[in-house]
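Just so it is clear: chains get the letters A, B, ... in the order the sequence lines come, proteins before strands, and each one is counted from 1.
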Amino acid sequence: MNPGSEGRDWVVLKPEYLSNALQNAERFRACLREWFEADGQDHPWRKTTDPWAILVSEVMLQQTTVAAVRAGRRFELFLTEFPDLATISVAPEEQLLKAWEGLGYYNRVRNLQKTARAVLEDWGGVFPRAVPDLLALPGVGPYTAGAIASFAYNEPAPIVDGNIARVLARVFDDLTEVDSSQGKALLWNWSEELLDKVNPRIFNSALMEIGQVFCRPKNPNCMVCPIAEFCITRVPDRLPNKKAKVKTIAVVEHALVVRKAGKILLAKEEGSRRKGFYRLPLRTAEEVADLELLRTSKYAITKHRVTLHLYRALEAAGQELRKEERWVPLKEVTELPMASPVRRALEEVLS
DNA sequence: TATCCGTGGGC
DNA sequence: TGCCCAAGGAT
């Protein structure tokens, strides 16, 4: 029985490990490069080296699947609306949020605008190419800085994203928690040592795509993986090791559906994170006790599992308006930025 | 270091 | 259904 496979009733189908990637780095790089040049995917963001377009793609793809971005043509549509730094730098927040609707993590698009303004003001409209300079831009962290440097400028900058973390943890069969400081240090060191300094753009693209195509979180396709001969682990489905997650918390929300003369009562979010988004007005359980329940929906947001109850309320029963609440014409509702679960619930109750 | 930030799809 | 996951970053 393979080490680590105790308690299994099956064995991972995987080619034999032949050589260490670090000790045979040139062959490892050649393997990756030859596979990628033959079979690498032709994503829209790989057809450009414009740093602005590269930044947009990297930010859009943060914690968002390639499939989601591709399917909705979100990258192409966003660049059509904001083709350059000058265009986005003067856009009102509501236009930003609308252009990003459905993608989630809305601070990403606010930071895109901040970065556009910073590059215009501090760099004369030309993106810096050094990682430390890129790191100073809003919304640009270690991964995105390396991605811009390598993808836009072909600079020899290493990157570690979720794909590469998974690939390297398996290649080196390392159980260190990838989300610990020690684990991250290991991964960045490996990424830098393995990096093809002559072809950093291709190397980084290829290593990420190995993770997306073959070295998947579940059911890795080791039998046809181009770098399987360098991969030590016999238990790829147990890697990468991560810290235990926090428990989810159940939350109940009570929202009003109040209509008056072709208008509906909505609240505009004031908080720093969801600022600018519209939602239905919320009330306490006591305040809605006598109202008719229209429908109930559930959705998950980070560690919260929200149960949302919608109630029909008469204008007179709408209590006093809170300061963030306002009457919005029904025909304008589709134009307002709104979180996906809220829009779904609202559309169902209005239809 | 821990927690927050969205959404859609897979199983 | 409930949980996991995805080209992370800010606080």
- Message: Go nucleotide by nucleotide along DNA chain B from the 5' end; which of A/S181 and A/G104 gets its closest nucleotide reached first?
- Response: A/S181
- Have a look at A/R343 and say if it touches a base, only the backbone sugar-phosphate, or nothing, with a 4.0 Å heavy-atom cut-off. nothing
- On DNA chain B, more 5' by nearest nucleotide between A/K218 and A/M338 is A/M338
- Please determine if A/R312 and A/E292 form a salt bridge, counting it only when a charged side-chain N lies under 4.0 Å from a carboxylate O. yes
- Per ring pair (Phe, Tyr, Trp, His ring centres under 6.0 Å), A/F172 is matched among A/F230, A/W190, A/F28 by A/W190
- Message: Rounded to whole Å, how long is the line connecting atom CZ of A/F36 with atom C1' of C/dA7?
- Response: 13 Å
- Query: Quick one: A/R166 CZ to C/dC5 P, roughly how many Å, whole number?
  - Reply: 10 Å
- Can you spot which of A/F75, A/F151, A/F78 makes a ring pair (Phe, Tyr, Trp, His ring centres under 6.0 Å) with A/W45? A/F75
- Item | Closest to the A/R344 side chain, choosing from C/dG9, B/dG6, B/dG8 | B/dG8
- Distance, C1' atom - from B/dT3 to C/dA7, rounded to whole angstrom: 22 Å
- According to a strict under-4.0 Å criterion, is A/R279 in side-chain N/O contact with OP1 or OP2 of B/dG6? no
- In whole angstrom, what separates A/Y106's OH from B/dG8's C1'? 11 Å
- Between A/R110 and A/E93, does at least one N-O distance fall below 4.0 Å, as a salt bridge requires? yes
- Ignoring backbone atoms, test whether A/S340 places a side-chain nitrogen or oxygen under 4.0 Å from the OP1 or OP2 oxygen of B/dT7. yes
- Item | Euclidean distance, atom CZ of residue A/R110 to atom P of B/dC5 [Å, nearest integer] | 12 Å
- Message: Once you apply a heavy-atom cut-off of 4.0 Å, does A/A147 come out as touching a base, just sugar-phosphate, or nothing?
- Response: nothing
- Query: For A/E192, does the CD atom sit with more than 12 other heavy atoms under 6.0 Å from it, leaving out its own atoms?
  - Reply: no
- Task: Answer with base, sugar-phosphate or nothing: what part of the nucleic acid does A/K184 contact at a heavy-atom distance below 4.0 Å?
- Result: nothing
- Task: Hey, can you tell me if A/H254 and A/Y311 have their rings parallel, tilted or perpendicular (30° and 60° cut-offs)?
- Result: tilted
- Item | Phosphate OP1/OP2 of C/dA7: any A/N163 side-chain N/O under 4.0 Å | yes
- Message: How many whole angstroms separate atom CH2 of A/W100 from atom C1' of B/dC5?
- Response: 13 Å
- Where along residues 41-73 of chain A does a heavy atom come under 4.0 Å from DNA chain B, residue by residue in number order? A/Q63, A/T64
- Enclosure of A/K98 NZ (heavy-atom neighbours >12, cutoff 6.0 Å): yes
- Message: Hydrogens and angles aside, do A/R344 and A/S297 bring a side-chain donor and acceptor to less than 3.5 Å of each other?
- Response: no
- Message: In whole Å, I'd like the distance from the NZ atom of A/K98 to the P atom of B/dG6.
- Response: 16 Å
- Item | Protein-nucleotide distance (A/L187, atom CG; C/dG8, atom P), rounded to Å | 13 Å
- Query: Between A/R305 and A/K242, which is nearer to the 5' end of DNA chain C once each is assigned its nearest nucleotide?
  - Reply: A/R305
- Task: With P as the reference atom in both, quote the distance from C/dT1 to B/dG6 in angstrom, rounded to an integer.
- Result: 24 Å
- Message: Among C/dC5, C/dG9, B/dC5, which nucleotide has an atom closest to any side-chain atom of A/P217?
- Response: C/dC5
- Quick one: A/L103 CG to C/dG8 P, roughly how many Å, whole number? 14 Å
